[in-house]
Amino acid sequence: MSDPVGKLPSELDQLPDRDTEETAEWAASLDAVAQAAGTRRAEYLLRRTLQHAEAAGLALPKLLETDYVNTIPTSAEPEFPGDEAMEARITAWNRWNAAAMVTRGSKYGVGGHIATFASAAWLYETGFQHFFRGKEADGSGDQLYIQGHASPGIYARAFLDGRISEQQLDNFRQESGGNGLPSYPHPRRLPWLWEFPTVSMGLGPLSAIYQARFNRYLQNRNIKDTANSHVWAFLGDGEMDEPESTAALALASREQLDNLTFVINCNLQRLDGPVRANFRVVQELEAQFRGAGWNVIKTLWGSAWDELFQLDTTGALVRRLREVPDAQFQTYATRDVAYIRQHFFGANAELVALGALLSDAKIAECFHTSRGGHEPRKVYAAYKAALEHKGAPTVILAQTVKGYTLGAGFESKNANHQMKKLTIDEFKSMRDKLDLPIPDSAFEGGQVPYGHPGANSPEVRYLNERRAALGGPAPARKVKQVALPAPADRSFAPLLKGSGKQEMATTMAFVRLVKDLMRDKETGKRWVPIVPDEARTFGMESLFPSAGIYSPLGQTYEPVDRDQLMYYKEAKDGQILNEGITEAGAMADFIAACTSYATHGEPMIPFYIFYSMFGWQRTADQMWQLADQLGKGFIVGATAGRTTLTGEGLQHADGHSHLIASTNPASLNYDPAFAYEIAVIVKDGLRRMYGETPEDVFYYLTVYNEPKVQPAMPEGVEEGILKGLYRFNQASDLENAPAADAAKIQLMASGTAIHWILQAQALLAADWNVAADVWSATSWGELRRDALECDEALLRGEVRTPYVTRALEGAAGPVLAVSDWMRQVPDQISQWVEQDYTSLGTDGFGLSDTREGARRHFGVDAQSIVVAALAQLARRGEVPASAVKEARERYGL
């Protein structure tokens with residue numbers, strides 16, 4: 001073949017050709033094939049040659065897309081080890097009960113999804129019967145990420161094995177009365193069954209990758225032998241459009257996570273219609289995963305297609321399959337044979353001839369139902385090949401029909417995701433198709449019955465025997481609580497005694513504390529520092545040489561800063577997870593570490609430190625996932641607040657994360673002002689999360705990059721620090737204290753704002769003879785949580801006074817609350833403060849400026865606080881109204 005006109009140069013043009021004559025012979029051979037047998041034959045030979053080269057390990061670019069056929073041909077399928085007829089009966093019962101459960105619940109309007117499990121039933125059942133290792137096996141068993149919309153099928157199987165009752169099935173999506181089943185996999189709602197929450201979509205695949213990675217982390221650090229644990233993630237083809245679904249594919253291949261398998265149910269449908277109406281999602285996903293370095297197994301066609309492929313001597317069928325878009329193939333699954341003959345086989349003469357050799361029954365079987373994902377032998381072959389593949393993760397692209405076995409009214413219909421019930425006649429038709437022994441009399445009263453072959457039936461005995469051989473029931477979540485000893489007090493002592501004359505930011509105070517805690521002989525190895533490529537920003541580079549940065553390859557290069565004290569050290573047993581620029585990836589790492597106590601029976605103490613703005617704002621969905629998975633650990637928003645970052649501007653100026661965090665019931669949110677407060681909070685957090693009676697909570701701390709002198713801890717403030725409020729000092733403690741009859745006000749602040757109200761306290765005393773007490777509000781959220789609990793108790797007849805009310809009892813004058821957050825953050829407690837209450841904050845967009853300039857802009861600097869305090873007192877008649885105007889002029893506001 002001659003060179004095309006205007007051919008662009010390639011990298012090959014830059015390489016010397018040692019044998020131009022041989023190269024010319026290869027090109028001439030290709031030209032000869034194209035001329036003699038046609039370009040299609042030449043293309044076929046090239047593709048087969050490249051596939052052979054890839055299999056031989058030659059360093060050539062991979063084919064990103066293979067033909068639209070099964071990766072494992074029927075002739076290469078391994079022997080199926082199970083009783084296929086028995087497993088078909090078990091699957092039939094599961095299909096039935098899943099559909100019955102959702103249909104029975106529909107009369108209450110609670111909804112549910114039928115079609116997803118109907119298409120994926122064999123993908124799950126084959127795994128449960130032959131692959132998924134339970135928690136009673138050696139090690140930790142496998143980790144299963146179940147597709148959320150398939151949950152009815154998992155409940156149906158748990159009903160069959162006796163773990164769920166008929167009453168619970170009838171309480172699907174009705175939990176408030178107790179003994180109910182949550183809609184989707186929710187560990188917090190059903191903690192004995194579900195391990196991993198997989199709705200919102202996209203978080204499951206991301207978390208599965210980092211879970212597999214964390215398994216290797218535990219192995220390489222000699223904390224837990226996870227060699228036999230495999231992570232299985234069941235996903236929808238439409239779900240793969242979520243950016244999180246594919247965000248970490250390269251990480252999985254880069255770290256050779258062959259302990260990970262994605263099973264993507266390619267039924268070609270998302271919630272409202274085709275996934276790729278005008279394209280082919282299977283081919284797109286294959287290219288995406290192969291390009292990222294994954295092993296790809298396509299399980300597309302059932303055995304009925306074998307005859308068609310054997311008759312396809314010209315390749316016309318394969319070429320046609322490669323060009324038909326998904327929406328058209330979906331249409332074939334719902335139309336009669338005449339339509340298929342005209343629109344599929346009528347595309348060219350070769351296909352017309354092929355179609356003439358096929359009976360109508362064969363064409364109907366192939367195009368309506370015969371898919372690889374519906375045949376246990378083909379699914380088994382794919383799973384076995386996935387486990388045997390080493391050096392890379394595997395994705396199985398299994399084609400199915402959405403709504404399979406539910407009848408013509410469901411199968412491949414665009415609306416089937418929203419269809420919540422079958423009619424009695426449709427159930428009877430489904431019963432006959434599945435060959436279930438359910439008599440017509442069972443439908444009396446118009447209610448579809450549940451079906452069960454009996455606790456001692458051959459089906460249940462077979463199911464239980466298979467699960468026993470694989471290590472117990474699955475899915476399952478088993479927690480063996482392991483209390484960690486409290487760290488020695490000496491780790492906390494430096495922060496409690498203050499910094500003397502040295503200035504230190506609270507970010508650095510936290511890092512110093514954790515560095516000391518990581519040296520603890522008992523628990524030091526369990527700390528998991530996680531950071532998204534900002535370690536040096538937070539002063540964590542000192543951890544690099546001592547703790548090491550985790551890499552499964554160790555360090556294969558000499559770092560550029562090797563001759564420096566704090567050089568960049570990577571190690572196979574490294575402790576730090578430095579994730580690059582991916583907050584979503586860092587959160588997925590954090591979740592895996594936070595839940596290691598349940599997944600592996602190994603409590604770890606992760607702390608995830610990040611640029612404050614890019615935590616809750618960017619990954620709040622994952623923080624709900626963390627809460628749902630009952631995770632424990634420390635989330636640290638560094639460089640916090642709207643004005644503490646000099647010059648960074650709007651995109652980095654965080655004034656709202658505490659407000660977002662307050663919506664999460666499992667998050668204990670603290671905004672400490674001083675280093676000693678951090679020490680007290682972290683110490684108590686370790687007790688609450690990892691002590692003798694551990695709680696399913698996590699901590700969110702905000703710390704600041706503004707260096708300040710850190711005072712020593714006053715006596716008797718520990719309770720106030722943990723509950724959220726204590727009096728730091730009184731006006732009478734000042735060197736030049738106001739007169740005894742001076743007007744009084746209470747100034748309250750969190751975080752770095754404590755320093756502004758301390759300045760304001762001095763100005764009020766010196767310039768206006770106003771006595772201001774200063775309060776440190778370490779947690780607006782915990783104050784509100786306590787107050788809400790008191791309100792709830794009142795409804796039960798218990799009279800309890802909120803802590804914030806009690807703490808401020810007898811405090812003279814109004815209250816002025818200030819923070820580096822929007823005013824809604826301190827306003828969370830206003831209704832429980834008996835004094836007159838007002839607040840200052842940093843509402844609006846951030847801006848680039850100096851700290852002083854930004855604080856003046858938002859009206860939270862010391863002078864602005866003085867004016868606001870005087871205005872509050874003036875409204876009460878406790879200072880002259882003229883004082884407010886005078887103060888504004890004096891301070892240039």
Side-chain angles (χ1 to χ4, degrees), residues 65-70 74 115-116 118-120 122 236-238 264-286 298-312 314-375 378 397-417 419 433:
E65 182 182 316
T66 60
D67 286 330
Y68 203 61
V69 297
N70 293 347
T74 302
T116 295
S119 70
W122 276 115
D237 47 1
I264 302 181
N265 179 17
C266 298
N267 55 35
L268 313 185
Q269 289 183 250
R270 53 189 178 198
L271 307 190
D272 288 331
V275 179
R276 291 290 182 275
N278 296 299
F279 305 92
R280 289 158 298 284
V281 71
V282 169
Q283 301 299 82
E284 178 183 318
L285 289 172
E286 178 185 27
K298 291 195 289 190
T299 303
L300 307 179
W301 309 114
S303 55
W305 283 81
D306 290 349
E307 179 183 346
L308 276 69
F309 289 124
Q310 289 169 2
L311 294 171
D312 183 30
T314 66
L317 175 63
V318 173
R319 288 193 297 273
R320 181 68 174 137
L321 289 174
R322 202 163 60 226
E323 68 188 21
V324 174
D326 285 353
Q328 185 60 51
F329 208 91
Q330 182 186 344
T331 300
Y332 293 148
T334 64
R335 302 299 290 271
D336 58 27
V337 172
Y339 180 92
I340 298 170
R341 287 189 183 277
Q342 177 184 354
H343 291 88
F344 183 85
F345 290 99
N348 57 58
E350 292 173 313
L351 287 170
V352 170
L354 175 61
L357 301 174
L358 302 171
S359 68
D360 284 359
K362 173 61 69 174
I363 291 176
E365 181 184 9
C366 288
F367 283 82
H368 290 170
T369 61
S370 183
R371 302 291 187 273
H374 297 322
E375 296 192 9
K378 296 192 180 298
L397 304 175
Q399 191 154 279
T400 66
V401 173
K402 192 167 186 178
Y404 183 62
T405 73
L406 296 179
F410 263 84
E411 294 176 352
S412 292
K413 295 298 172 62
N414 279 341
N416 59 20
H417 190 79
M419 297 163 70
K433 182 183 296 186

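The two residues Pro325 and Ala277 make their nearest non-hydrogen contact at CB-O, 3.3 Å. Across all their heavy atoms, Leu406 and Ala115 have their closest contact at CD1-CA, 4.1 Å. Residues Val401 and Glu411 come closest through the heavy atom pair CG1-CB, 4.0 Å.
The side-chain contact (heavy atoms from CB on, under 4.5 Å) check on Asp237 picks up Ile264, Cys266, Asn267, Leu268, Val275, Val281, Leu285, with sequence neighbours excluded. For Ala304, the side-chain contact (heavy atoms from CB on, under 4.5 Å) partners at least two apart in sequence or on another chain are Lys362, Glu365, Cys366, Ser370.
Side chains of Tyr68 and Gln399: a donor on one and an acceptor on the other come within 3.5 Å. Side-chain atoms of Lys378 and Thr74 form a donor-acceptor pair, as typed in the model, at a separation below 3.5 Å.
For the atom pair CG (Leu351) and CG (Asp312), the distance works out to 7.5 Å, reported to the nearest 0.5 Å. Here the OG1-CD distance, from Thr400 to Glu375, works out to 12.5 Å after rounding to the nearest 0.5 Å. Separating the CD1 atom in Ile363 from the NE2 atom in His368 is a distance of 9.5 Å, to the nearest 0.5 Å. Leu317 contributes atom CG, which lies 6.5 Å from atom CZ of Phe345 (distance to the nearest 0.5 angstrom). Summarising the geometry, atom CG belonging to Asn70 is positioned 9.0 Å from atom NZ belonging to Lys298; distances are rounded to the nearest 0.5 Å.
Put simply, the side chain of His374 never gets that close to the backbone of Trp122: no donor and acceptor are under 3.5 Å apart. Judged by distance alone, with hydrogens and angles left aside, the side-chain atoms of Tyr404 form no donor-acceptor pair with the main-chain N or O of Thr116 at under 3.5 Å. In this structure, the side chain of Gln310 does not engage the main chain of Trp305 through any donor-acceptor pair within 3.5 Å.
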In sequence, state the C-alpha distance, the side-chain angles, and the governing distance for Gln328 and Asn278, and then conclude on side chain to side chain contact (heavy atoms under 4.5 Å, CB included). CA-CA 8 Å; Gln328 185 60 51; Asn278 296 299; over 6 Å; no
Under the ring pair (Phe, Tyr, Trp, His ring centres under 6.0 Å) criterion, do Phe367 and Trp301 qualify, and how do the steps go? CA-CA 10 Å; Phe367 283 82; Trp301 309 114; 7.8 Å; no
After noting the C-alpha distance and the side-chain angles of Phe279 and Asp326, does the key distance pass the side chain to side chain contact (heavy atoms under 4.5 Å, CB included) rule? CA-CA 6 Å; Phe279 305 92; Asp326 285 353; over 6 Å; no
Could you walk me through whether Asn265 and Ser119 pass the side chain to side chain donor-acceptor pair (under 3.5 Å) test, one step at a time? CA-CA 8 Å; Asn265 179 17; Ser119 70; 2.8 Å; yes
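Side-chain contact between Leu358 and Leu308 is present, with at least one heavy-atom pair separated by less than 4.5 Å. Using a 4.5 Å heavy-atom threshold, the side chains of Glu65 and Arg280 count as separate. Between Gln330 and Lys402, every side-chain heavy-atom pair lies at or beyond the 4.5 Å cut-off. Looking at heavy atoms from C-beta onward, Phe309 lies in side-chain contact with Leu321 at the 4.5 angstrom threshold.
A salt bridge does not link Glu286 to Arg322: none of the charged nitrogens lies less than 4.0 Å from a carboxylate oxygen. A salt bridge between Glu350 and Arg320 is absent, with no side-chain N of the basic residue lying under 4.0 Å from a carboxylate O of the acidic one.
Exactly one residue among Val282, Val69, Asp67 makes a side-chain contact (heavy atoms from CB on, under 4.5 Å) with Leu300. That residue is Val282.
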